[in-house]
Each structure stands twice: as structure tokens, then as C-alpha cells.
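What you are looking at is a predicted structure, and each value in this text was computed from that prediction instead of being measured. Residues: numbered from 1 along the sequence shown.
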Amino acid sequence: MYNMNTIVSTNFEQLHNNVPQERIESAVSYWEDRDLSSVTTEMPNTQRYGYADIAVVMPDTKDVDETKSILLPLEYNQGVTPAHYMRAKMVQQYVAPDSRVVIVPNSSFDRNHVDIVNGLSDSSKEKMAEGDYRPYAELIANTLDMADKVHSFGSLMIPGSSQGALTGLALASSETLDISGVVAFETPSMSHRDAKALSKDFQKSGGGMTGLLNAIKGSEIKAQKEAMRVFDRFPRDIAKFVIRSSFNADAKLIAKSMAGSAEYLANPAVKALGEGAVNFYYVEGSSVFDPESISDETQALAPVIRLEGPEMYAHASSNNLRLFASVAYNSFKTN
């Protein structure tokens with residue numbers, strides 16, 4: 001049976017206080033004078049390997065550590081936007097300032113970053129339609145393996161949110177990639193959700209629109225607030241989310257593959273990586289992550305950590321840069 005005592009509670013300030021002060025100060029200095037136009041000019045281009053794209057964010061140091069990289073798989077319907085680039089950069093600044101960040105964009109409203117149609121066999125697509133996420137992750141693994149032969153990424157640390165968390169868990173047991181650890185933030189584990197139900201859960205998670213506004217308001221980064229433009233974009237993006245999820249064949253297939261318990265991905269992930277290498281985080285009151293979907297057997301090796309706080313937003317990894325970067329640092333604890 002599931003044991004509530006296995007849950008560990010913490011809050012953002014506790015996590016943030018563990019980050020080395022020099023990394024925090026460096027990030028503050030980097031972002032304090034940036035506006036959206038300066039961020040846009042430095043964003044990386046996507047590169048295609050096989051049937052999917054990646055975008056590589058280089059560090060600001062002259063000497064790049066090629067022994068390790070940060071892999072950032074994005075959420076459902078999310079491409080490389082200024083907001084996502086800023087999140088990648090902040091994670092880099094907190095976790096490993098001399099390492100690269102490899103962004104794996106999802107197929108978004110305006111670009112097909114992952115070619116499921118040509119990249120997967122009919123039998124793999126049938127598995128996804130039945131709720132099996134692994135074929136999608138295998139396609140991403142093949143892409144990363146091809147890219148690694150060009151870039152030499154070294155060992156990969158994977159902080160993933162929402163669908164990106166599923167990708168990280170699925171990649172953890174890959175035989176072709178060197179994975180050192182995974183952060184699974186707000187892993188989808190609610191079964192039998194259609195596009196409409198998925199959209200409702202997204203909107204109400206962690207306080208819905210109010211929670212989102214509070215998360216953005218809590219940021220001191222001008223460029224981030226300009227990138228979100230939440231009052232103009234939120235209703236429109238939710239409408240796009242529902243339409244694409246309902247009518248786009250690839251998006252519908254991915255949504256189906258995300259249904260059900262995360263345990264079937266989590267259990268082999270923690271067995272492959274070992275104790276402490278996988279960490280689950282979720283926001284108190286979330287309607288996206290169900291802690292009971294993770295067995296006691298898995299939790300014995302991978303802790304489930306509940307983030308508490310009245311102004312927490314369940315998808316804060318997209319909107320509160322310091323929160324997600326702090327979560328990643330506390331999980332990987334790099335020097």
C-alpha cells in the first residue's frame with residue numbers, strides 16, 4: 001500500500017538557499033539589464049538529427065565541460081521560445097555554469113520538431129495509442145545518440161517538467177545514452193484524460209490563472225515578464241492547446257501515450273540509475289501529478305518531494321525560472 005510518510009515536504013526558499021551564492025549572484029547580474037529583444041537575438045537555432053530537433057545552449061565560459069551536459073526535454077506542444085530559452089539558461093547558471101544545455105523541443109503550434117509520422121513504425125504508433133510512452137522516447141533517444149556523435153555531450157542530467165518528465169524517466173533506462181540523473185517535475189499520471197480534461201487540469205493546477213500570475217510576478221527578470229505577456233496570450237494559448245490536442249494526429253497520439261500511471265516508466269528508471277538518481281517533485285494541490293501512482297518500492301530509491309506554498313503554480317517550471325533551477329540544483333548537486 002501507498003505510505004504518505006514517504007512524501008518529503010519543502011518550499012522554494014529552502015531549495016533556493018542551498019544554491020551557492022556565487023551562482024545566484026552571477027545569474028542576477030546576467031539578467032538584470034536584459035530585455036526581450038536582447039534575449040531573442042542570442043537564442044540558439046534548432047538542429048535536426050534523424051527525426052527530431054535539438055537546440056544547444058552554450059555556456060558563457062571559454063572552457064566547456066564536455067564530461068556532462070544538461071538535457072531539457074520540453075512539455076507538451078512547447079517549442080523553443082524566449083521563455084524556454086531563459087529557463088534553460090537559468091538552469092545552466094545554477095546547476096553547471098560550464099556545461100551545455102540541450103533543449104529537446106516538442107512539436108508546437110507552428111513547427112513539427114518531432115516527426116512521429118516518418119520516425120515511428122505503425123506498431124509503435126499503436127503502442128502509443130494504447131498508452132505506452134516509450135516509442136516516443138526511443139525516437140528522442142535515437143536523435144540524441146546521433147547528435148552525441150557530433151557534439152560529445154558526455155553524461156546527461158535531465159530536469160523535465162510535465163511531458164518532459166515522462167521523457168526523462170523513459171530515457172533513464174536507455175542503453176544508448178549515459179544518464180546520471182533525472183528530475184521528474186509534475187509528471188503526468190492522471191489516467192483517461194481527453195484533450196478537454198487535460199486542458200482543464202492544466203488551467204486549474206496550483207491555482208490556475210492566479211497561480212500563474214503570482215509565479216510570474218515573483219520573478220525579477222524583466223525579459224521573462226515581457227516574454228510571457230500573460231494577459232494577452234493565456235486565453236489564446238489555451239484555445240490553441242485544446243484545438244491542437246483535439247485535431248492534430250501527432251498531438252492526439254502523444255496525449256494518449258501520456259495517460260495512466262507514471263510507475264511503468266519510473267520503476268525501470270530508478271533501477272537503471274540507482275538510489276537517489278531520480279527525484280520526483282510536485283506542487284501541493286496539483287491535479288497533474290498523483291503521488292499514489294508511484295509505488296513504495298520506487299519511492300525507496302526515488303524520493304517524492306512536495307513543494308508547499310500558497311503562491312506555487314504547478315507548471316511553475318515554465319514560468320518561475322528560479323524555482324525550477326533550484327529544484328534541478330538540489331537534485332544534481334554539482335560542484
>> Give me the atom names and distance for the closest heavy-atom approach of Ser257 to Asp132.
In response: CB-O, 3.6 Å
>> If only side-chain N and O atoms count, and only distance matters, is there a donor-acceptor pair under 3.5 Å linking Ser37 with Thr40?
In response: no
>> Side chains of Asn18 and Asn330 only: does a donor on one sit below 3.5 Å from an acceptor on the other?
In response: yes
>> To the closest 0.5 Å, what do you measure between OG1 (Thr176) and CG (Asp148)?
In response: 9.0 Å
> Can you name the ring pair (Phe, Tyr, Trp, His ring centres under 6.0 Å) partners of Phe153, sequence neighbours left out?
Replying inline: His151
>> Tell me if the CD atom of Glu175 is crowded by more than 12 foreign heavy atoms within 6.0 Å.
In response: no
>> To check you understand the geometry: which heavy-atom pair defines the closest contact between Tyr76 and Lys252, and what is its length?
In response: OH-N, 4.3 Å
> Do side-chain atoms of Glu263 reach the backbone of Ser295 as a donor and acceptor pair under 3.5 angstrom?
Replying inline: yes
>> Between Arg48 and Thr143, is there a side-chain donor-acceptor contact under 3.5 Å, judged purely by atom types and distance?
In response: no
>> Under the side-chain contact (heavy atoms from CB on, under 4.5 Å) test against Leu169, which residue among Thr187, Asn267, Ile158 passes?
In response: Thr187
> When you check the gap from the basic side-chain N to the acidic O, do Lys68 and Asp178 get nearer than 4.0 Å?
Replying inline: no
> Taking only residues two or more places apart in sequence, or in another chain, which ones meet Arg100 in a salt bridge (Lys or Arg N to Asp or Glu O under 4.0 Å)?
Replying inline: none
> Of the non-hydrogen atoms in Pro188 and Ala262, which two are nearest, and what is the gap between them?
Replying inline: O-CB, 4.1 Å
> Do Tyr94 and His16 make the cut of ring centroids closer than 6.0 angstrom?
Replying inline: yes
> Are Thr61 and Asp98 close enough that a side-chain donor and a side-chain acceptor fall under 3.5 Å?
Replying inline: no
>> Is a donor from one side chain sitting under 3.5 angstrom from an acceptor on the other, for Ser9 and Glu308?
In response: yes
> Which heavy atom in Phe332 sits nearest to a heavy atom in Val182, and how many Å separate them?
Replying inline: CE2-N, 3.9 Å
> Looking at CD1 of Ile24 and OG of Ser29, how far apart are the two atoms once the value is rounded to the nearest 0.5 Å?
Replying inline: 13.5 Å
> When you measure from the centre of the six-membered ring of Tyr30, is the NZ or CZ of Arg34 under 6.0 Å away and within 45° of the axis?
Replying inline: yes
>> Run the salt bridge (Lys or Arg N to Asp or Glu O under 4.0 Å) test against Asp145 and tell me which residues pass, sequence neighbours left out.
In response: Lys149
Which pairs of donor and acceptor atoms, one on a side chain in residues 122-131, lie under 3.5 Å apart (sequence neighbours left out)?
residue	atom	partner	partner atom	Å
Ser123	OG	Ser121	OG	3.0
Ser124	OG	Ser121	OG	3.1
Lys125	NZ	Val117	O	2.9

> Under 3.5 Å, is there a donor-acceptor pair between the Glu186 and Ser162 side chains?
Replying inline: no
>> Show me the pairs that pass ring pair (Phe, Tyr, Trp, His ring centres under 6.0 Å) and involve residues 161-182, at least two apart or across chains.
In response: none
> With a 3.5 Å cut-off and no angle check, do the side chains of Glu75 and Asn106 form a donor-acceptor pair?
Replying inline: no
Taking distance alone, no hydrogens or angles, what donor-acceptor pairs closer than 3.5 Å link side-chain atoms of residues 273-281 to residues at least two apart or in another chain?
residue	atom	partner	partner atom	Å
Asn279	ND2	Gly276	O	3.4

>> Rounded at 0.5 Å granularity, tell me how far CD in Glu42 sits from CE in Met58.
In response: 13.5 Å
> Between atom CD1 of Ile103 and atom OG1 of Thr46, what is the distance when rounded to the nearest 0.5 Å?
Replying inline: 10.0 Å
> Rounded to the nearest 0.5 Å, how far does CG of Asp290 lie from OG of Ser293?
Replying inline: 5.0 Å
> Between Ser180 (side chain) and Leu156 (backbone), is there a donor-acceptor pair under 3.5 Å?
Replying inline: yes
> Would you find more than 12 non-hydrogen atoms of other residues, nucleotides or ligands less than 6.0 Å from Asp63 atom CG?
Replying inline: no
> Roughly how far apart are Ile179 CD1 and Leu71 CG, rounded to 0.5 Å?
Replying inline: 6.5 Å
> Can you find a side-chain donor-acceptor pair between Tyr49 and Gln47 that sits under 3.5 Å?
Replying inline: yes
